[in-house]
Amino acid sequence: MARSHSVSLLDPAILLPAVGASFRKLDPRAMVKNPVMFVVEVVALLTTVLFVRDLITSGTGLSASGGSLGFSFQIILWLWFTVLFANFAEAVAEGRGKAQAESLRRTRTETVAKLLTGEGDAFRTVPGTSLKVGDVVLVEAGDIIPSDGEVVEGVASVNEAAITGESAPVIRESGGDRSAVTGGTTVVSDHLKVRITAAAGATFLDRMIALVEGAERQKTPNEIALNILLAGMTLIFIFATASIPSFAYYAGGSISVVVLVALFVTLIPTTIGALLSAIGIAGMDRLVRFNVLAMSGRAVEAAGDVDTLLLDKTGTITLGNRQASAFHPVRGVSEQDLADAAQLASLADETPEGRSIVVLAKEKYAIRGRDMASLNAHFVPFTAQTRMSGVDVDGSSVRKGAVDAILTYVQAGASTVTASGAVQNVRTLVSQESIREINAIAEEIAKSGGTPLAVARDGRLLGVIHLKDIVKGGIRERFAELRRMGIRTVMITGDNALTAAAIAAEAGVDDFLAQATPEAKLRLIRDEQAKGKLVAMCGDGTNDAPALAQADVGVAMNTGTVAAREAGNMVDLDSDPTKLIEIVEIGKALLMTRGSLTTFSIANDVAKYFAIIPAMFVAFYPQLGTLNVMALHSPQSAILSAIIFNALIIIALIPLALKGVAFRPIGAAALLKRNLLIYGLGGILVPFVGIKAIDLAVTALHLV
Amino acid sequence: MTSNGLIQIALFCLVVLVLTRPLGGYMTRVFAGERTFLSPVLKPVETLVFRLGGVDASREQHWLTYTIAMLLFHAGGFLLLYALMRVQDLLPFNPQGMAAVAPDLAFNTAISFITNTNWQNYGGESTMGYLVQMLGLTHQNFLSAATGIVLGMALIRGFSRASAQTVGNFWVDITRCTLYVLLPICVVFTLFLVWQGIPQTLGPYVDAATLDGGKQTLALGPVASQVAIKMLGTNGGGFFNANAAHPFENPTALSNFLQMVSIFALGAALTNVFGRMVGNEKQGWAILGAMGVLFVAGVAVTYWAEAAGTPALNALGLSGGNMEGKELRFGIVASALFAVITTAASCGAVNAMHDSFTALGGMIPLINMELGEIIVGGVGAGLYGMLLFVVITMFVAGLMVGRTPEYVGKKIEAKEVKMAMLAILILPLMMLGWTAVATVLPSAVASIANPGPHGFSEILYAFTSATANNGSAFGGLTGNTFFYNLTLASSMFVGRFLMIVPAMALAGALAAKKTVPASAGTFPTTGGLFVGLLVGVILIVGGLTFFPALSLGPIVEHLAAAAGQSFGAGG
């Protein structure tokens with residue numbers, strides 16, 4: 001969905017409706033949620049009423065409080081523009097979400113459901129919207145799954161393109177971690193029985209539409225705090241401007257309302273006030289385009305604050321599969337022999353590990369893969385009981401498997417148990433010495449983070465295959481980046497401590513949790529949180545659900561179980577656990593954008609004071625003309641230029657608000673220095689240049 | 001500007017810096033209830049006070065209980081002081097037979113002293129008997145100062161504690177502060193001042209024959225003891241009308257120097273207490289650094305403006321700067337430095353006439369107070385005022401590192417921002433609000449001595465000084481009128497207590513939070529970048545609000561003077 005529909009900023013399909021929406025948003029009931037812009041609307045309305053009164057009462061072109069009506073008209077016009085531009089920014093941000101919601105809504109067509117009546121496979125057809133939680137429905141090839149649910153029976157391939165944008169079908173089956181199905185996706189082959197877990201209107205798709213549309217948008221904690229700050233500053237500037245008429249009266253002058261309002265509006269933080277909600281919407285939108293759905297803005301913000309990342313080893317830190325990297329024979333066996341036996345044992349093994357053994361033997365020892373059928377070999381598959389696999393060929397049997405399993409196998413196979421129960425050595429193929437040797441090699445491999453697989457032929461130990469976890473390329477650098485961001489990474493793995501330590505060292509994570517159980521994970525999260533830290537993790541299994549719920553940012557994989565998806569506060573549609581790192585960066589970018597534009601907005605005030613204060617007072621204190629450092633043409637052009645700048649800067653910053661200030665993993669101090677230079681110092685300097693330029697234009701066009 | 005002047009300024013800064021750490025260490029121990037070198041003498045006294053007051057020193061209070069205790073304590077202090085003044089003609093230790101103080105003046109004065117402002121709409125030697133001076137005024141000088149310090153401590157505890165419900169015990173803190181910090185230093189300082197020539201007597205005023213055969217009455221009294229606490233506790237209320245310009249309040253260059261040091265000593269030390277208690281002294285130095293930048297800039301402007309004089313003076317051939325309204329024994333640098341110190345801190349003692357400073361020289365004291373006296377500031381009050389600005393600064397700029405803003409491990413969220421904004425809002429409301437009222441009331445305008453911008457500055461200065469709890473007067477304004485007595489009292493009251501309540505709520509909210517450990521992603525708050533940022537936010541958020549008012553007062557006056565113009569009579 002998202003990536004294929006990524007929408008350009010200048011797309012007329014978004015801009016045109018946004019213009020209309022800017023006017024609709026003038027409704028005071030909507031405006032009041034944004035205190036700064038609401039105040040601007042109120043004063044714009046007030047000055048408009050005064051203007052109309054002046055227009056009616058005086059035919060001279062002079063307003064009651066002096067100054068020309070033409071000038072007042074222009075100021076009032078720009079006051080309204082300021083409000084409209086703010087609305088426009090919000091509308092554009094929402095527009096992008098609306099476009100995405102529209103494409104999602106098209107997939108949410110009317111469905112019919114085959115509701116099972118409880119007797120075998122008998123069903124009756126009902127509308128999809130009438131399904132209740134707990135109903136069990138049958139979905140067959142070609143059917144659209146009517147609502148979210150859990151597979152209770154069957155295996156099927158499902159096309160989830162409607163949700164993920166990924167057209168390759170995925171397997172959904174009962175039990176295990178791939179049992180969740182989403183309403184709106186299509187079964188491509190086979191059939192499923194699905195127990196419905198979401199009522200109509202509350203499905204994943206419905207929630208997704210609401211989220212990208214921004215309908216459920218609530219202010220996030222930082223946004224609320226920022227609004228309080230902005231409202232407080234607005235109050236301060238009310239005091240500052242409301243006291244001016246008295247001061248002017250004392251000095252023997254007077255100030256017109258429209259000029260006071262102009263000063264007030266330019267001083268209050270309209271720039272950030274106008275862009276605040278657009279920034280928040282755009283932040284969510286960036287995640288959506290990244291195929292991650294955040295269930296609340298709070299979660300996105302929390303992502304920026306994360307202190308500790310819990311990452312699953314498999315799939316995130318290492319490639320999903322271990323690969324054979326070496327053959328270690330016992331004394332008296334050549335590497336060639338061991339490789340040959342290992343390859344033979346793996347020929348029928350279709351697991352990635354098995355294939356990697358065949359490939360290694362071929363590449364390193366030029367042993368070509370043989371055809372099982374022509375060898376007349378019999379494949380012995382892996383079972384949870386034997387924990388080994390192999391082939392029987394020409395009366396000889398080759399086995400490979402976990403070291404202890406193979407040892408048990410050779411000892412059992414090589415000895416007969418007497419009636420008294422004493423073990424009697426019949427053959428001397430398995431010496432205590434070779435067992436010690438095998439164990440020594442296995443321990444060596446385990447210590448280096450690898451997995452040892454022992455190989456035996458006809459009850460004789462040949463040696464050990466070294467299976468290695470392959471750490472993903474570039475992951476070490478990513479962790480170094482995270483460390484510079486102040487984020488601690490913890491690797492979660494089911495491996496033993498020895499193996500975990502070796503991989504942790506190779507990948508460069510800060511810590512690891514070995515032999516992790518769901519309880520241990522939960523405990524780790526609670527411990528970190530007790531230290532005041534925020535924890536992010538991702539998971540897919542039902543046993544991950546408690547930890548996902550406990551974590552401050554819990555990213556559930558879309559392929560995961562219903563329980564996991566319910567527990568997390570984000571869902572990754574691509575089911576890529578590596579994304580956790582990018583999610584953190586998106587959260588940080590959101591917070592940074594707010595901070596940078598707030599700083600910029602407040603820093604702007606310096607220049608505005610220097611434009612308006614001399615213009616306001618110069619009539620009765622000509623000496624204050626000295627403060628007109630920008631050498632603006634006239635008092636009126638100065639005030640008009642300041643208010644025009646104040647409005648135009650909103651439009652100019654919309655792209656930045658939507659795109660976000662890019663996060664760089666260079667450490668807080670360096671990042672602060674950089675942003676302070678751009679948005680702090682820039683915020684002080686830019687309006688001096690901008691107001692001067694507008695003043696030149698205003699003067700050249702004879703607007704005043 | 002002379003090298004002698006610059007050396008004096010540098011020496012002052014150096015002495016304050018040297019004192020900061022040892023004093024900070026001592027105060028940290030005192031407020032933690034740990035043993036100090038004075039404990040053998042003072043511990044029994046402390047125990048006795050707690051037993052008499054029924055205080056359980058081990059029981060701490062919730063921020064609200066703490067605040068209510070403080071408010072009740074001040075209500076009592078107000079009533080006592082007001083009553084003392086109203087009936088002083090009936091009380092002993094009144095050798096000059098001073099009459100009872102008028103109700104509105106007594107009201108104004110009582111508010112003034114309980115709020116650590118010490119705005120004086122009266123002349124001490126012609127209004128107050130010795131009993132009122134000692135039992136009423138000096139007494140409140142101790143307690144209002146101690147209150148500022150303990151509130152600062154409560155906020156420090158808010159930052160330094162994690163997941164705590166309490167912020168200390170008001171009764172314990174105020175007892176320890178008075179007993180271990182203020183009293184011992186004042187005893188030593190008083191002895192020093194007496195040696196320098198300040199009177200300390202309960203005897204009546206004496207008559208002296210002047211050289212030309214006339215008779216002059218020399219006002220005396222228990223002066224030294226009150227001067228010591230007025231400086232150390234940043235109270236500023238003079239025993240005499242002329243305050244620290246009076247030879248019996250500030251006789252020598254040395255007494256002047258040490259009085260200046262004592263204004264800053266405790267306020268600076270509290271930044272160190274803060275650093276120690278949050279576990280990193282550098283945090284304290286960074287705050288003192290920001291204060292220092294603003295202070296040195298202010299001193300530079302005032303000293304330069306006073307040393308340069310005005311074109312009008314220079315035209316008359318009066319070279320060597322502006323000596324109008326300054327004492328010869330202090331000269332330009334010690335007067336300029338004193339003026340900046342007394343307004344940077346919330347002291348308000350003056351050793352020169354601020355009204356007679358050049359426009360720019362007089363603007364700096366005004367700005368110092370408008371910023372909320374956070375440059376070292378009133379004892380305790382300066383620190384909590386500064387920390388409010390830190391909260392705002394961290395929130396504005398802290399987001400720029402991509403995290404919810406944190407300061408010393410405390411997340412700055414909606415509640416903290418709300419409380420900090422509430423406390424900061426109070427200042428412009430009272431300062432600008434009452435000035436706006438006064439400038440349009442003919443009766444209020446009649447109180448000013450000079451027309452035009454200078455008169456405007458006089459009014460603005462009065463309300464600024466009162467709201468900021470400074471207490472220094474620009475001079476020129478006749479403040480003892482019904483209007484000013486009441487409006488200034490309301491400014492003092494609101495400026496003190498309406499700022500304290502949100503600050504205490506902030507302390508409570510912070511104490512209840514967890515402390516987030518610092519990491520590489522944390523906004524660093526110990527370096528120059530933070531100091532610069534804090535100074536920037538203080539100037540833009542706190543200072544620019546007053547730009548319109550300043551333009552119509554000192555700025556236009558300066559520009560006019562530079563052009564050789566003046567606004568009517570006086571000046």
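Here is how names work: the chains are called A, B, and so on, in the same order as the sequence lines, proteins then strands, and each is numbered from 1.
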Residue B/A549 versus chain A: region with a heavy atom under 4.5 Å:
both
With a 4.5 angstrom heavy-atom cut-off, is it the side chain or the backbone of B/M421 that approaches chain A, or both, or neither?
side chain
Within this structure, what is the CZ-CG distance for the pair B/R161 and B/L510, rounded to the nearest 0.5 Å?
12.5 Å
With a 4.5 angstrom heavy-atom cut-off, is it the side chain or the backbone of B/T522 that approaches chain A, or both, or neither?
backbone
A/E481/A/R484 ion pair, N-O < 4.0 Å
no
As an exercise: rank B/G553, B/A420, B/S519, B/A436 by heavy-atom pairs under 4.5 Å with chain A and give me the winner.
B/A436
Whatever's closer than 4.5 Å to a heavy atom in chain A on B/A560 counts as both
Would you mind telling me which of B/I459, B/I540, B/L425 has the largest number of heavy-atom pairs within less than 4.5 Å of chain A?
B/L425
In terms of heavy-atom pairs under 4.5 Å with chain A, which of B/I555, B/I392, B/T545 leads?
B/T545
Do the side chains of B/E413 and B/K513 get close enough for a salt bridge, i.e. N-O under 4.0 angstrom?
yes
Check the surroundings of atom CZ in A/R298: do more than 12 heavy atoms from other residues, nucleotides or ligands lie under 6.0 Å from it?
no
For the NZ atom on A/K531, are there more than 12 heavy atoms of other groups (residues, nucleotides or ligands in this structure) within a distance under 6.0 Å?
yes
Under 4.0 Å between a Lys/Arg side-chain N and an Asp/Glu carboxylate O for A/E301 and A/K219?
no
Determine whether B/F523 and A/L672 make a side-chain contact, defined as any pair of heavy atoms from C-beta on separated by less than 4.5 Å.
yes
With chain A as the partner, which of B/V437, B/L432, B/L552 has the greatest number of non-hydrogen pairs under 4.5 Å?
B/L552
As an exercise: rank B/G398, B/G402, B/G409 by heavy-atom pairs under 4.5 Å with chain A and give me the winner.
B/G402
Where on B/T435 is there a heavy atom nearer than 4.5 Å to chain A: the side chain, the backbone, both, or neither?
both
Most contact-rich option vs chain A, by heavy-atom pairs under 4.5 angstrom, among B/L533, B/L529, B/V516, B/I412, is B/L529
